[in-house]
Amino acid sequence: TPVFTQLARMTPQPIVEVVLFRVNNLILETLLIPRPADDIVWPGMFHTPGTALRSSDFSREDGNPLNGVFERVKREINNEFASPPSFAGRLHRLSERGPEVTEVYIAKLLEGSPLQPNQLWYLVEELSGNPKFIQSQHGHVMIAAQAYNRGIVSN
């Protein structure tokens, strides 16, 4: 982790974010999970699930590097997607960790899926005012929300 963090400050990282949505009482919510307490950049902060592409993702037998990412995200949330994630958009950003090229995907959890004790559904419209949310992620959540509202999500 320390080596990755130092490299990320100097070299743009290819990041894949999977924004999970649900509609609760007609209000759009997204799933947030905490970073580890010992995280170098964002200790204990809430974020959407995601990960950097790894070189091992490109040598998979199935030939699809995104499948490695999606498998890690499912382990991160300890849950299954209702259907494969849908592409929502791409952005370039400078986060507290360094420059990132981010692909944004949308997914839903299987109906009735329980959350882990440290996970929570949070109103998308209130993310920008949440001091415990990694604010550099607000842009990709909004890209995902726009795509979700246009109906770009697998069911």
Side-chain angles (χ1 to χ4, degrees), residues 1-22 24 28-60 64-110 112-145 147-148 153:
T1 301
V3 172
F4 171 80
T5 302
Q6 289 305 318
L7 288 173
R9 292 184 199 289
M10 300 178 284
T11 306
Q13 298 300 300
I15 304 295
V16 176
E17 299 284 357
V18 180
V19 182
L20 294 141
F21 287 124
R22 77 172 185 180
N24 185 23
L28 189 61
E29 297 178 330
T30 189
L31 180 68
L32 298 182
I33 59 176
R35 300 287 300 176
D38 63 350
D39 186 284
I40 295 172
V41 181
W42 300 292
M45 297 286 287
F46 279 96
H47 68 108
T48 59
T51 184
L53 276 165
R54 299 175 181 170
S55 60
S56 60
D57 293 327
F58 290 85
S59 59
R60 295 175 53 88
N64 186 346
L66 287 174
N67 286 338
V69 169
F70 296 148
E71 288 168 6
R72 287 195 301 282
V73 168
K74 288 190 287 188
R75 283 194 303 270
E76 184 177 33
I77 62 174
N78 196 28
N79 233 316
E80 292 292 326
F81 302 135
S83 59
S86 300
F87 181 73
R90 178 179 301 109
L91 77 150
H92 306 102
R93 66 180 173 206
L94 183 60
S95 78
E96 294 86 345
R97 188 168 54 199
E100 299 172 344
V101 177
T102 305
E103 286 199 354
V104 183
Y105 288 80
I106 303 168
K108 291 182 180 181
L109 296 179
L110 288 172
S113 295
L115 298 183
Q116 301 302 307
N118 57 352
Q119 300 173 349
L120 60 100
W121 289 106
Y122 200 85
L123 285 90
V124 169
E125 64 188 33
E126 294 183 3
L127 285 173
S128 65
N130 184 340
K132 294 188 179 214
F133 175 68
I134 299 171
Q135 288 299 315
S136 60
Q137 291 198 337
H138 191 259
H140 77 251
V141 173
M142 297 317 294
I143 287 171
Y148 183 87
V153 65

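- In this structure, Val104 and Phe87 have side chains that are not in contact, with every pair of non-hydrogen atoms separated by 4.5 Å or more.
- Looking at every heavy atom in both residues, Gly50 comes nearest to Glu76 through N-OE1, 3.2 Å.
- Using a 4.5 Å cut-off on side-chain heavy atoms (C-beta onward), Phe133 and His138 make contact.
- Side-chain atoms of Glu96 do not come within 3.5 Å of backbone N or O of Ile134 as any donor-acceptor pair.
- Between Trp42 and His47, every side-chain heavy-atom pair lies at or beyond the 4.5 Å cut-off.
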Verdict with reasoning, Tyr122 to Asn130, per side-chain contact (heavy atoms from CB on, under 4.5 Å) = CA-CA 10 Å; Tyr122 200 85; Asn130 184 340; 3.2 Å; yes

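- Taken to the nearest 0.5 Å, the CG atom of Leu94 stands 9.0 Å off from the OG atom of Ser136.
- Under the 4.5 Å side-chain criterion, counting only non-hydrogen atoms from C-beta, Val16 is in contact with Leu53.
- Contact record, His140 with Val19: CD2-CG2, 3.6 Å, taken as the closest heavy-atom pair.
- Annotation for Pro43 and Ala37: closest pair CB-O, 3.2 Å, computed over non-hydrogen atoms.
- Taking CG of Leu115 as the reference point, atom CG of Leu109 lies at 7.0 Å (rounded to 0.5 Å).
- Under the 4.5 Å side-chain criterion, counting only non-hydrogen atoms from C-beta, His92 is not in contact with Glu100.
- Considering every non-hydrogen atom in both Ala147 and Ile106, the closest pair reads CB-CD1, 3.6 Å.
- Between the side chains of Glu17 and Thr102, not a single donor N or O lies within less than 3.5 Å of an accepting N or O.
- Between the Arg54 side chain and the Val69 main chain, no donor and acceptor come within less than 3.5 Å of each other.
- A donor-acceptor pair is defined here as one N or O able to donate and one able to accept, closer than 3.5 Å; such a pair exists between the side chain of Gln119 and the backbone of Ile77.
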Is there a side-chain contact (heavy atoms from CB on, under 4.5 Å) between Trp121 and Leu32 once you walk through the steps?
-> CA-CA 6 Å; Trp121 289 106; Leu32 298 182; over 6 Å; no

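- One N or O on the side chain of Gln137 and one on the backbone of Thr48 form a donor-acceptor pair closer than 3.5 Å.
- Residues Thr30 and Leu127 are in side-chain contact: their nearest non-hydrogen atoms beyond the backbone lie under 4.5 Å apart.
- Nearest approach of Val141 to Phe21, heavy atoms of both residues: O-CZ, 4.1 Å.
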Could you go step by step and tell me if Phe70 and Tyr105 meet the ring-ring contact (aromatic ring centres under 6.0 Å, His included) rule?
-> CA-CA 10 Å; Phe70 296 148; Tyr105 288 80; 5.3 Å; yes

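- For the pair Lys108 and Tyr148, the minimum side-chain heavy-atom distance is below 4.5 Å.
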Decide side-chain contact (heavy atoms from CB on, under 4.5 Å) for Ile33 and Leu120; before the verdict, give the C-alpha distance in whole Å, the side-chain angles of both, and the deciding distance to 0.1 Å.
-> CA-CA 7 Å; Ile33 59 176; Leu120 60 100; over 6 Å; no

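- For the atom pair Arg75 CZ and Thr51 OG1, the distance stands at 9.5 Å (nearest 0.5 Å).
- Here the CG atom belonging to Asn24 is positioned 4.5 Å from the CZ atom belonging to Arg22, to the nearest 0.5 angstrom.
- Between Pro34 and Gly44, the shortest heavy-atom distance links the atoms CB-O, 4.3 Å.
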side-chain contact (heavy atoms from CB on, under 4.5 Å) between Gln135 and Ser128, intermediate numbers included | CA-CA 7 Å; Gln135 288 299 315; Ser128 65; 4.2 Å; yes

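- Between Val101 and Pro14, the closest side-chain pair of non-hydrogen atoms is not below 4.5 Å.
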